[in-house]
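Below: one structure, written as structure tokens.
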Amino acid sequence: MDSVQVRPMQENDLPSAERASAVTFFEAERATRRVSDPEVEPRPAVTSKQWIDRMRFFLNADPGGCWVAMEADAGTESAVGFAISQNRGRLWFLATYGVLPGHQGRGIGKRLMDAALAHADGRPGIFSSSVHPGATRRYRLAGFSLHPQMRMVGTVDRSTLPAVDGLREGRSDDFEWMDRLDRDLRVAGHGPDHGYMLNTLRLVVSADRARPGYVYIDDRGQASLLAAAHPETAQRLLWEALASSQGRTLVNCITTPNEWAVDVGLAARLDIGQEGYIAVRGMPVPAPYLASGYFL
Ligand SMILES: CC(C)(COP(=O)(O)OP(=O)(O)OC[C@H]1O[C@@H](n2cnc3c(N)ncnc32)[C@H](O)[C@@H]1OP(=O)(O)O)[C@@H](O)C(=O)NCCC(=O)NCCS
């Protein structure tokens, strides 16, 4: 009998699933690391805690999309795989997905993905995909289009920073129009995800409600999610993030419909690289938009 059971995730699976995630992505990054990339480091304790907090949030918001593959050994169960997905209105997204290296290629990933996609129930879907050949194979076979992503890396040349106006700090009473903007760009609002992000990130918004836009900026000054109705607003928001960056920075998840971001990055003297795919099904690639890896 197969000793690996795919079943809905429960809160007490989180520490074991986190360990599986840390090992899986450490090995995957090591295998795909380019010589110019920094050495891959094991996940620090603070990042493990953030992973568990975020997944607990997903588990509470939409438990039906959260699946684990558990292996029983001498009476104890441990996670060997996980697929954390969520429905928000008419949109399904995949926050994270992995199978321990020693267990890959045996169909566990397919079982997890089938469970997560059954929860999607035919909704349009989106996620950020790695280049792992098992992952991209799985996604295309599930009907997703893979759109290559660029990333801009380097240290901002501060002499290039323009004076940016028309922006202000965002608050929770901005969420209503932000959700409307989300719906125009990516089928559904982020809903409860906005509250989670506002607790952990800085929110900057366009002051002009006729030209809406927002960006969440992390504590290193990296834009972790950006949405706007017009490319010029998106560019102002990205400049604001770049102005607050410290040391080497990264602008991630740039697809070709979002060349406005490439133009800002080049003006700031960042370098263009290529990294993974945005995978979409039943919807266009969002623009002007830079997706968040976990919240899409
Ligand atoms: C993506 C992942 C979850 C798939 O899990 P898995 O258990 O290996 O998946 P499966 O065995 O069900 O299927 C993977 C498919 O790709 C193939 N495959 C698996 N590993 C492969 C590899 N290294 N090279 C080429 N094909 C591969 C399998 O043969 C299978 O195809 P098939 O069903 O048509 O035969 C897993 O490989 C993984 O964790 N990768 C590293 C982390 C990662 O990239 N996660 C995705 C983030 S978006």
Side-chain angles (χ1 to χ4, degrees), residues 2-9 13 16-34 37 40-43 47-48 50-51 54-55 58 65-71 78-86 91-120 124-151 186 224-225 250 252-255 273-281 285-286 290-296:
D2 189 352
S3 64
V4 175
Q5 188 198 4
V6 171
R7 61 156 171 78
M9 186 184 225
D13 298 325
S16 180
E18 190 283 322
R19 279 298 85 206
S21 156
V23 172
T24 300
F25 285 102
F26 177 74
E27 290 302 334
E29 280 165 34
R30 227 170 37 172
T32 54
R33 176 181 170 270
R34 286 165 286 204
D37 290 341
V40 181
E41 302 285 348
R43 184 182 285 174
T47 312
S48 297
Q50 284 166 350
W51 192 96
R54 208 182 291 117
M55 297 312 143
F58 285 139
C66 305
W67 292 82
V68 274
M70 303 298 289
E71 187 173 52
S78 60
V80 297
F82 50 89
I84 312 293
S85 72
Q86 298 275 282
L91 180 72
W92 173 89
F93 66 89
L94 181 66
T96 187
Y97 171 50
V99 170
L100 278 177
H103 288 71
Q104 289 174 11
R106 295 190 214 156
I108 298 171
K110 180 173 190 315
R111 289 163 64 195
L112 285 164
M113 188 51 105
D114 286 350
L117 282 172
H119 181 65
I126 184 168
F127 54 90
S128 182
S129 160
S130 68
V131 295
H132 190 281
T136 46
R137 180 174 174 82
R138 232 1 349 119
Y139 302 149
R140 184 60 199 144
L141 290 174
F144 285 84
S145 297
L146 299 169
H147 297 267
Q149 294 182 127
M150 291 168 276
R151 64 203 311 246
R186 39 87 92 183
S224 49
L225 168 63
L250 166 69
N252 220 347
C253 297
I254 309 173
T255 47
Q274 205 265 306
E275 181 78 39
Y277 306 87
I278 280 280
V280 291
R281 180 175 87 169
V285 173
L290 300 178
S292 143
Y294 284 110
F295 293 97
L296 280 308

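Everything numeric here is computed off the predicted structure, so don't read it as measured data. Hydrogens, waters and symmetry mates play no part in the numbers below; they use all other heavy atoms, side chains included. Order of listing sets the numbers, starting from 1, for every ligand and every atom in it.
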Polar side-chain atom of Gln5 near backbone of Met70 as donor-acceptor pair, under 3.5 Å:
no
At a 4.0 angstrom heavy-atom cut-off, ligand 1 is contacted by Thr24, Phe25, Ala28, Tyr97, Gly98, Val99, Gln104, Gly105, Arg106, Gly107, Ile108, Gly109, Lys110, Ser128, Ser129, Ser130, His132, Pro133, Gly134, Ala135, Arg137, Arg138, Tyr139
Counting C-beta onward and ignoring hydrogens, is there a side-chain heavy-atom pair between Trp67 and Pro8 closer than 4.5 Å?
yes
Output yes when Arg34 and Glu275 qualify as a salt bridge under the 4.0 Å nitrogen-oxygen rule, no when they do not.
yes
Would you please indicate yes or no on a ring centroid separation below 6.0 angstrom for Tyr294 and Phe58?
no
Residue set satisfying side-chain contact (heavy atoms from CB on, under 4.5 Å) with Ser130, at least two apart, ordered chain then number -> His132, Ala135
Compute whether any side-chain donor of one residue and acceptor of the other, for Ser78 and Arg19, lie under 3.5 angstrom apart.
no
